[in-house]
Every structure is written in structure tokens, then in C-alpha cells.
Amino acid sequence: QVQLVESGGGSVQPGGSLRLSCAASGSFFRITTMGWYRQAPGKGRELVAAIPAGGSTNYADSVKGRFTISRDNAKNMVSLQMNSLKPEDTAVYYCNAHVQQRHWDPVSSDYWGQGTQVTVSS
């Protein structure tokens with residue numbers, strides 16, 4: 001099993017910044033892609049940003065230029081630096097990890113953090 005523990009989040013005024021972090025632990029072979037999703041009230045869960053183990057990052061159009069995702073493979077951690085926050089960024093943010101649990105089994109599974117609230121309001 002894999003556990004994802006998130007930290008960060010909170011309330012901030014428009015234009016402010018927040019940083020989210022997520023640490024993965026447990027028994028597994030490797031983590032391929034890590035990312036952040038969010039879900040606003042009454043809406044579905046959407047991808048915010050993703051970062052593969054050794055490839056290029058991927059961002060939702062709505063956050064490009066404002067959010068930066070980074071990863072520490074040695075610590076199995078992923079972070080999301082959020083700048084120039086807007087009220088429409090208000091949502092519960094979830095950490096996601098795509099995990100290959102056994103070296104002989106190429107099948108990967110998705111794991112999720114518990115979610116952390118981000119509120120942008122004046």
C-alpha cells in the first residue's frame with residue numbers, strides 16, 4: 001500500500017501565494033507520475049499539474065504561468081507552488097501518485113491524498 005500525506009493549503013487573499021507538498025510512503029517499486037488535482041464545490045475533479053519521473057511537466061491552461069510543480073524523486077515528494085492566486089482557484093487540492101508496486105509487474109495503480117483546502121478570498 002501507498003500513503004500520500006499532504007501539507008500546506010489554507011486561506012489567502014487574491015494575488016497571494018501558497019505552497020502544497022505531498023510525501024509518499026509505503027511499499028512500492030517506483031512512482032511514475034505525481035500530480036495535483038482539484039475539486040471545487042459542485043464541480044468535477046480536474047488536473048492542475050503533473051510531473052513524470054523524468055519528463056516534462058503538464059499544466060492546466062488556467063494555471064500556466066502561475067503554478068509550478070516540482071518533484072524530489074529521492075524523497076518521493078511533490079510540491080505545488082501557487083502564485084498570483086485567484087478566487088477561482090478555491091478548491092480542495094488532491095495529491096496523486098501513479099505507482100508501479102512490483103518491478104516484475106508493469107501495471108500501475110493510482111493513489112490519492114486526503115485533500116487539502118485552498119481558499120482564495122478577500
Side-chain angles (χ1 to χ4, degrees):
Q1 288 294 322
V2 178
Q3 296 80 42
L4 300 178
V5 178
E6 299 150 346
S7 59
S11 296
V12 66
Q13 292 186 341
S17 298
L18 286 172
R19 184 176 181 86
L20 305 181
S21 294
C22 173
S25 62
S27 178
F28 53 88
F29 174 57
R30 65 173 181 169
I31 300 176
T32 53
T33 299
M34 299 189 81
W36 291 93
Y37 288 71
R38 67 185 180 187
Q39 187 166 15
K43 296 186 177 181
R45 192 173 295 189
E46 63 173 358
L47 173 69
V48 176
I51 182 168
S56 60
T57 55
N58 181 33
Y59 294 94
D61 288 343
S62 59
V63 307
K64 284 181 181 177
R66 301 188 296 122
F67 291 10
T68 302
I69 190 170
S70 60
R71 178 172 175 172
D72 185 333
N73 290 326
K75 296 181 179 179
N76 293 316
M77 291 186 66
V78 64
S79 297
L80 185 69
Q81 178 66 41
M82 304 184 293
N83 299 327
S84 303
L85 282 160
K86 304 176 180 180
E88 50 264 42
D89 294 318
T90 296
V92 177
Y93 284 68
Y94 296 91
C95 176
N96 170 266
H98 201 60
V99 179
Q100 181 182 351
Q101 293 196 278
R102 301 170 185 84
H103 67 86
W104 68 85
D105 185 355
V107 176
S108 297
S109 301
D110 273 319
Y111 290 87
W112 296 91
Q114 77 281 4
T116 184
Q117 178 70 45
V118 171
T119 301
V120 185
S121 174
S122 56

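Residues: numbered from 1 along the sequence shown. Treat the numbers as computed from the prediction; the structure is a model and nothing was measured. Computation of the quantities below employed the complete heavy-atom set of this structure, encompassing side-chain atoms and omitting hydrogens, waters and symmetry-equivalent molecules.
Checked against side-chain contact (heavy atoms from CB on, under 4.5 Å), Ala49 has the following partners two or more places apart in sequence or in another chain: Tyr59, Ile69, Leu80. Annotation: side-chain contact (heavy atoms from CB on, under 4.5 Å) contacts of Lys75 (sequence neighbours excluded): Asp72, Met77. Under the ring pair (Phe, Tyr, Trp, His ring centres under 6.0 Å) criterion, Tyr37 pairs with Trp112, not counting sequence neighbours. Gln39 pairs by the side-chain hydrogen bond (donor to acceptor under 3.5 Å, both in side chains) definition with nothing, not counting sequence neighbours.
Tyr111 places none of its side-chain heavy atoms less than 4.5 Å from the side chain of Asn96. Side-chain atoms of Thr90 and Gln117, non-hydrogen and from C-beta on, do get closer than 4.5 Å to each other. Side-chain contact between Met82 and Phe67: present, with at least one pair of heavy atoms (C-beta onward) separated by less than 4.5 Å.
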### Message
As a quick check of understanding, evaluate side chain to side chain contact (heavy atoms under 4.5 Å, CB included) for Leu47 and Asn58, giving each step before the final call.
### Response
CA-CA 9 Å; Leu47 173 69; Asn58 181 33; 3.5 Å; yes

### Query
Going through the distances and angles, do Trp36 and Cys22 end up as a side chain to side chain contact (heavy atoms under 4.5 Å, CB included)?
CA-CA 9 Å; Trp36 291 93; Cys22 173; 3.7 Å; yes

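Pairs of residues two or more places apart, or lying in two chains, that qualify as salt bridge (charged side-chain N to carboxylate O under 4.0 Å, His left out) and include a residue from residues 15-40 are Arg38-Glu46, Arg38-Asp89.
Note on Ile31: it clusters hydrophobically with Val48, by side-chain heavy-atom contacts below 4.5 Å among ILVMFWY residues.
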Less than 3.5 Å apart, which donor and acceptor atoms pair up between the side chains of residues 6-18 and the rest of the protein, not counting sequence neighbours?
from	atom 1	to	atom 2	distance (Å)
Glu6	OE1	Gly115	N	2.6
Glu6	OE2	Cys95	N	2.6
Ser17	OG	Asn83	OD1	2.9

